[in-house]
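Please read the structure below before turning to the comments.
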Amino acid sequence: MSVADVAIVGAGAVGCAMARRFALEGANVILLERGTDLLSGASKANSAILHTGFDAPPGSVELQCMQAGYAEYLEIRESFNLPLLETGAMVVAWSEEERAKLDDIEAQARMNGVVDVRRLTAEEIRAREPQLSARALEALLVPGEYVIDPWSPFLGYLKQAKAHGAGIFFGTEVVSGAFDGKYWTLQTTTGVRRAKTVINCAGLFGDKLDAKLLGSASFQIKPRKGQFVVFDKPASQILSTIILPVPTERTKGVVLTRTAFGNVLVGPTAEEQDDRERATVEEDTLRGLLARAEEMVPALACVDVTAVYAGLRPATEEKSYRISVTGDRNWITVGGIRSTGLTASLGIARYVYRLYQDLGYAHTAIPDPVTPRVPNLAEHRHRDWQTAGYGEIVCHCEMVTLREIEQALAGALPAGDFGGLKRRTRCGMGRCQGFYCNAQLALLTAGCFASPLSVGDAA
Ligand SMILES: Cc1cc2nc3c(=O)[nH]c(=O)nc-3n(C[C@H](O)[C@H](O)[C@H](O)COP(=O)(O)OP(=O)(O)OC[C@H]3O[C@@H](n4cnc5c(N)ncnc54)[C@H](O)[C@@H]3O)c2cc1C
């Protein structure tokens, strides 16, 4: 049986970026994911903000990875056809107490190298965001906070890794394993895999994987749920800047932001729970989010809600990332990538590659890597329906074409489940939430997924 240089466990944001980095560096990579597609865990639901790191702990690995990830995303995004909504963000003080904290937040931003921040008076806030409530007292403008497509980057990174030889195995859960002093033998639900080094990117199950294969874990995952409300497309006409609250020690707080798909969302909450699999939404909480959104931007009261969703952060008992090397067993743990992993993933991958080099490994980097372009999902860029020959529109709410659906079900990394199809095309994400297109999608995807889509399924 062949032995890979590296086995990466988990195809979340972190694992996908890791597979790309190691493949580009010339390592022989296998990626093992228990879900039937990429982004099956924490990474499927987030706020999609590309953070500058202005409020990250100074000097932390998290800050270092966020800023490296941010810079690399901006450098590579056009070649992958990835969008960027250059919204900027305002940390808004709604009370005198919050206003008193803006000095410290500004000082921290400058200390973190985010030096283009500036204070806005109440008048300047209103000039920039006329629909924001007059209750806004003062704000810190962070021009470099942006909105991205939360899913397509990782499809692009995995396609690139695959183009450079990475073996990608979905529906493959690592259940046990042993290290013989030289190689790891991993028992998975689809057979045995061998590798010299294992990188644990198992997100919400990172502690469990360490405990199972190393015998102990140095941290405990404490899932932290975030619920969101998504407003219909007209909302994007009444807000352009990301509205951030003054953060607390525990959470970045409830954000109001546009999405790359042309909506506005409010959330996330921060609720601890034991369940690592299910993120439910609760009516009272959602009503609270709606009320908060309308308090900030009263005109949102006139906009319909399109969807609600929730995600789970892989938080631990500490705020910091839990990245560690067990050198005597060729094992690297990348755990606790709580609430900034979308931004930091590319930086984390570079950071971990350096840790791997410190273990004594070296490869020859691919001299001229291929960069697969991903289909554009962003509302402000050219969509597929705007080019002739698309066949027909399948999802009318989100204007998803038959050609897009067919392409997402074919090629190097076809969608492995309905969630994956949605994340590759936007189908079923609109106002009707799949009511009108599910029947056709069920026909189009017949035989494609292990769990077929039934007509009555919610999108
Ligand atoms: C509500 C919310 C809002 C957020 N907002 C932002 C934001 O605006 N900006 C930002 O930068 N970040 C944000 N984040 C953070 C970001 O989404 C996370 O940091 C990131 O998704 C963590 O990715 P991960 O790869 O570590 O974990 P995951 O996505 O959970 O990936 C781990 C993968 O490992 C797989 N796995 C687990 N165990 C095994 C096993 N034994 N064998 C095989 N596979 C296994 C899982 O199926 C999963 O796919 C937010 C997160 C949430 C929840």
Side-chain angles (χ1 to χ4, degrees), residues 7-19 30-53 56 62 65-66 69-70 73 89 145-148 150-151 153-154 169-177 186-190 193 198-213 221 223-228 242 244 251-255 257 259 265 267-271 276-277 279 309-316 321-323 333-349 416 419-420:
I8 295 165
V9 185
V14 176
C16 293
M18 199 70 69
I30 53 173
L31 177 66
L32 311 172
E33 164 57 50
R34 70 177 194 151
T36 40
D37 206 341
L38 62 147
L39 310 186
S40 300
S43 304
K44 67 176 170 235
N46 57 54
S47 321
I49 299 176
L50 190 71
H51 295 295
T52 55
E62 180 177 11
C65 292
M66 282 170 81
Y70 179 99
Y73 180 83
E145 296 272 304
Y146 299 138
V147 171
I148 62 174
W151 304 317
F154 305 101
F169 302 94
F170 294 128
T172 298
E173 180 173 357
V174 176
V175 286
S176 63
L186 301 174
Q187 308 292 334
T188 82
T189 47
T190 57
R193 304 274 168 202
V198 175
I199 306 179
N200 171 0
C201 302
L204 290 156
F205 294 85
D207 56 343
K208 298 239 183 235
L209 192 70
D210 269 15
K212 225 184 261 177
L213 275 81
I221 292 289
R224 191 174 298 161
K225 183 167 75 173
Q227 301 187 49
F228 293 91
I242 302 166
L244 300 173
T251 166
K252 281 177 172 299
V254 171
V255 174
T257 176
T259 72
L265 63 81
T269 53
E271 306 160 61
R276 297 168 187 238
E277 310 263 7
Y309 66 95
L312 294 177
R313 305 169 183 87
T316 70
Y321 287 178
R322 313 303 286 269
I323 301 179
T333 302
V334 189
I337 312 299
R338 198 187 67 256
S339 52
T340 50
L342 179 73
T343 306
S345 55
L346 294 168
I348 294 170

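Numbers here are sequence positions counted from 1. Counting starts at 1 for both ligands and their atoms, in listed order.
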- Message: Treating E33 as the side-chain partner and G35 as the backbone partner, does any N or O pair qualify as donor plus acceptor under 3.5 Å?
- Response: yes

- Using heavy atoms and a threshold below 4.0 Å, how should the contact between V175 and ligand 1 be classified: side chain, backbone, both, or neither? neither

- Message: Is there a polar contact between ligand 1 and G35, counting only N or O atoms under 3.5 Å apart?
- Response: no

- List in chain and number order the residues that pass side chain to side chain donor-acceptor pair (under 3.5 Å) with D210, two or more places apart in sequence or in another chain; answer none if no residue qualifies. N200, W331, T333

- Proximity winner for atom 52 (C) of ligand 1, if only heavy atoms of A17, G226, A45, G15 are counted: A45

- Query: Does any N/O atom on T340 come nearer than 3.5 Å to any N/O atom on ligand 1?
  - Reply: yes

- Ignoring hydrogens and angles, tell me if any N or O in the side chain of Q227 forms a donor-acceptor pair with the backbone of Y309 under 3.5 Å. no

- Message: Heavy atoms only: which of M18, E33, K212 lies closest to atom 47 (O) of ligand 1?
- Response: E33

- Message: So, regarding F205 and ligand 1 (criterion: nitrogen or oxygen to nitrogen or oxygen, under 3.5 Å), is there a contact or not?
- Response: no

- Query: Would you say ligand 1 has an N or O under 3.5 Å from any N or O of G341?
  - Reply: yes

- Message: Using a plain distance cutoff, I'd like to know if L209 has any nitrogen or oxygen under 3.5 Å from a nitrogen or oxygen of ligand 1.
- Response: no

- Task: With heavy atoms under 4.0 Å as the rule, classify the contact between A310 and ligand 1 as side chain, backbone, both or neither.
- Result: neither

- Item | Any residue meeting salt bridge (charged side-chain N to carboxylate O under 4.0 Å, His left out) with R322, in chain and number order, not counting sequence neighbours | E317, E318

- Message: Within ligand 1, which atoms have a heavy atom of R313 less than 4.0 Å away?
- Response: 51 (C), 52 (C), 53 (C)

- Item | Region of H51 engaging ligand 1 - heavy atom pairs below 4.0 Å | side chain

- Message: Please determine whether side-chain contact (heavy atoms from CB on, under 4.5 Å) holds for the pair E277 and F205, giving the CA-CA distance in whole Å, both sets of side-chain angles, and the decisive distance to 0.1 Å.
- Response: CA-CA 10 Å; E277 310 263 7; F205 294 85; 3.5 Å; yes

- Item | Proximity to ligand 1 by part of V9, non-hydrogen separation under 4.0 Å | side chain

- Query: Can V334 be said to touch ligand 1, with heavy atoms closer than 4.0 Å?
  - Reply: no

- Message: Is any side-chain heavy atom of V9 closer than 4.5 Å to one of L209?
- Response: yes

- Task: Report yes if some heavy atom in the side chain of Y146 is under 4.5 Å from a heavy atom in the side chain of I242; otherwise report no.
- Result: no

- Please check if the side chain of S47 supplies one atom and the backbone of I49 the other of a donor-acceptor pair under 3.5 Å. no

- Query: Side chain or backbone of A344 under 4.0 Å from ligand 1, or both, or neither, by non-hydrogen atoms?
  - Reply: neither

- Message: Taking the side chain as everything from C-beta on, heavy atoms only, tell me whether F169 gets closer than 4.5 Å to L31.
- Response: no

- Note on the structure: Short version for L32: what comes under 4.0 Å of ligand 1, heavy atoms counted, is backbone

- Item | Side chain, backbone, both or neither: S339 near ligand 1, heavy atoms under 4.0 Å | backbone

- Query: Between T189 and V174, is any pair of side-chain heavy atoms under 4.5 Å apart?
  - Reply: no

- Message: Please compare Q227, E277, M66, R34 and report which has the shortest non-hydrogen distance to atom 39 (C) of ligand 1.
- Response: R34

